[in-house]
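This report refers to the structure that appears directly beneath it.
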Amino acid sequence: MIRTLLSQVKEFRLVSILTPVCMIGEVICEMIIPILMGRIVDYGVMAGNTSYILETGARMIVVALCGLAAGLLGGFFAARAGAGLARNLRKAMFDNIQTFSFANIDKFSTSSLVTRLTTDVTNIQNAYMMMLRMAMRAPATMAVALFMSFTISARLSSIYLVAVAVLAVFMGTMMRSTTRYFKQVFERYDAMNESVQENVSAIRVVKAYVREDYEIGRFNRAAANIYEMFIRAELRLAAIGPVMMGIVYSCILLISWFGANMIVGSELSTGNLMSLLTYCMNILMSLMMLSMVVIMITMSEASARRITEVITEKTSLTNPENPLMEVPDGSIRFENVYFSYSPGSSEPVLKNIDLEIRSGESIGVIGGTGSSKSSLVNLVSRLYDVTEGRILVGGHDVREYDLDVLRGQVAVVLQKNVLFSGTIYDNLRWGDPDATEEECRHACELACADEFIRKMPEGYNTYIEQGGTNVSGGQKQRLCIARALLRKPRILILDDSTSAVDTATDAKIRRAFAEEIPDTTRLIIAQRIASVQGCDRIIVMDDGQVNGFGTHEELLRGNTIYREVYESQTGAGANADFDRQE
């Protein structure tokens, strides 16, 4: 875990090294000052030597200025190192997330990934800055102060050793007991962020069903859980301060008592006692710093593990050693395919799928909710890998292709359409970054989107709000179809992507496909028989299996499910649909 995090320091190694160096320089300057103070008392004040006092005082000013400069530089270097590490951690996580397969993404919730990229990284940034400064400065201060104290009086300085040992045991015990609570805190952060994300993204549904009070209560419960867990953790950490202060001030009392007796017995000078007390305060401050470091490490340990999980997560889909870099055609073949989302699942989602689709064919896919229509087409572009069997595209197993090449030739318009912030042109060019304005317009004409775009105030330069909230569902679907067409794919998958458009527009889109991209294999998932009956062949899915595969006429004659749904939708039979079979 530590190695993974430190590997992201990269170009900030130099400032990470310079920070503790500056901190050591500051410590050395601070440790020289008590010696000079003691000499002023013993050789200046006690001897009445004014010139010695002035000369030594001038040296103290120079040493103090050097310490100030070292401290300022250390703070500057630490800030750069901490911010740089945070930037690199976020980049490393985000870059790795982009390589994730759908199976990897399913492992982490969206809210959890957001928390890891924000709150967790901020915790690591603060902890790293503090460790560079305090974790070096505090032990160095303590070590030098102890050494200087022993050079003055070994007997009195032994009091420090006992105090440091007791505090070390106490702080170690508190750190172990508190780490468990902070781990639970960040897990509950995920739950709260999930509540916020769902509420904001579905705010229209919340208001439509008047569920504001329910959502407020849900959020309050999540926030209260975090509050309670933080209280438990902070109560344990709060005990560190009083215990530490009690032990250190006990040291001061003991040193003052025994030191005064030693002065009376001429075993110690007044200046040396002042130096010892100053070193005692230095040790006090270093222990306070160490307690802060312990708290930050305790809080950031859970964050470090969560960040490391994302950075080290390996995608379940990888390129072969010598991948194929060209897809010959759009033919698709399923050979005894079984698929499960979870490797340990007892019941596969897809079972014994054997299909052969010729290049350029138009294939409809219909079936009830949960019949695994989307799961079937997701395997074509290798968004998931099959559990058993294989899928061939262009005559080759999809696992033999370079992933980018394969997905570049399989355009998918998913069931949940997504538009991004930017102009319509910006969104269309997700399909082809180099597409000309004319190519964008032509794709929109095929998708029946050109007409409503031209009616917008700024046409194709109209700005799309986040999530496409300023366009209707049908408009969003047509823009997504146009975006997919700009890729000029060998295979086009429409996952129920015309459900929000009227039947006339749906028919125009299908007719445009047949005329403009006849060589592209089209897989069209739909709930309406009218959307697929003109396809060359139709797949009927039922409970993860192929219940029927043939033309519209063949299925009407030989497939009970298809015939009953057709009669239901055309008004020619009894009430039936895909989700209700007698």
Side-chain angles (χ1 to χ4, degrees), residues 95-110 112-113 309-310 312-321 323-324 327 330-357 363 365-418 480 484 487 489-497 521-525 539 541-546:
D95 288 350
N96 200 39
I97 289 169
Q98 301 310 303
T99 70
F100 284 179
S101 66
F102 278 22
N104 294 113
I105 294 172
D106 293 341
K107 181 178 177 180
F108 302 96
S109 68
T110 303
S112 177
L113 289 174
E309 285 176 358
V310 178
T312 58
E313 177 76 9
K314 300 297 182 184
T315 178
S316 59
L317 303 180
T318 57
N319 280 329
E321 189 171 338
L324 297 175
V327 179
S331 62
I332 305 169
R333 185 175 174 184
F334 289 76
E335 294 184 349
N336 194 31
V337 168
Y338 287 78
F339 171 68
S340 297
Y341 286 104
S342 174
S345 177
S346 58
E347 183 68 20
V349 175
L350 292 170
K351 301 175 280 273
N352 194 30
I353 305 296
D354 280 292
L355 294 169
E356 187 164 358
I357 299 169
I363 303 295
V365 184
I366 62 173
T369 302
S371 61
S372 303
K373 304 184 296 297
S374 297
S375 299
L376 180 75
V377 298
N378 282 340
L379 298 177
V380 176
S381 57
R382 206 185 169 200
L383 297 177
Y384 294 94
D385 264 341
V386 299
T387 305
E388 294 181 34
R390 64 175 187 163
I391 297 175
L392 287 74
V393 170
H396 298 278
D397 193 316
V398 291
R399 290 168 290 197
E400 296 177 13
Y401 288 106
D402 177 87
L403 275 170
D404 291 343
V405 170
L406 174 65
R407 291 173 183 170
Q409 291 299 317
V410 181
V412 183
V413 183
L414 295 171
Q415 190 172 9
K416 184 178 180 181
N417 299 285
V418 177
C480 289
R487 301 186 73 166
R490 294 194 181 279
I491 299 172
L492 174 64
I493 298 174
L494 303 176
D495 188 354
D496 205 17
S497 54
T521 304
R522 284 147 283 150
L523 300 179
I524 304 171
I525 296 177
I539 301 170
M541 296 294 298
D542 182 44
D543 193 26
Q545 295 178 299
V546 175

Any non-hydrogen side-chain atom of [X] less than 4.5 Å from a side-chain atom of [Y]?
| X | Y | result |
| --- | --- | --- |
| I493 | V410 | yes |
| F334 | D354 | no |
| Y338 | N352 | yes |
| L523 | I332 | yes |
| H396 | V327 | no |

Once rounded to the nearest 0.5 Å, what's the spacing between atom [atom1] of [X] and atom [atom2] of [Y]?
| X | Y | atom1 | atom2 | answer |
| --- | --- | --- | --- | --- |
| F100 | L317 | CZ | CG | 12.0 Å |
| S331 | I491 | OG | CD1 | 7.5 Å |
| L406 | L324 | CG | CG | 10.0 Å |
| K314 | T99 | NZ | OG1 | 8.5 Å |
| R382 | L403 | CZ | CG | 5.0 Å |
| I524 | I366 | CD1 | CD1 | 12.5 Å |

Going by side chain to side chain contact (heavy atoms under 4.5 Å, CB included), [X] matches just one of [options]. Which one?
| X | options | result |
| --- | --- | --- |
| F339 | N378, L379, L376 | L379 |
| L355 | I391, V546, I363 | V546 |
| L350 | Q545, M541, E388 | M541 |

Closest contact, heavy atoms only, [X] versus [Y]:
| X | Y | answer |
| --- | --- | --- |
| N319 | D402 | ND2-OD1, 3.1 Å |
| A484 | A411 | O-CB, 3.7 Å |
| Y341 | V349 | CD1-CG2, 3.5 Å |
| P489 | Q409 | CB-O, 3.5 Å |
| G368 | K373 | O-NZ, 3.2 Å |
| S340 | T387 | N-OG1, 2.9 Å |

Are any side-chain N or O atoms of R522 and backbone N or O atoms of L494, one a donor and one an acceptor, separated by less than 3.5 Å?
no
Hey, does the side chain of R390 reach the backbone of E335 with a donor-acceptor pair shorter than 3.5 angstrom?
no
Between S375 and Y384, is any side-chain donor less than 3.5 angstrom from a side-chain acceptor?
no
Are I97 and E313 close enough, and set up right, to give a side-chain contact (heavy atoms from CB on, under 4.5 Å), and what steps lead you there?
CA-CA 9 Å; I97 289 169; E313 177 76 9; over 6 Å; no
If you apply the rule side-chain contact (heavy atoms from CB on, under 4.5 Å), what do you find for V412 with V377, and how did you get there?
CA-CA 9 Å; V412 183; V377 298; over 6 Å; no
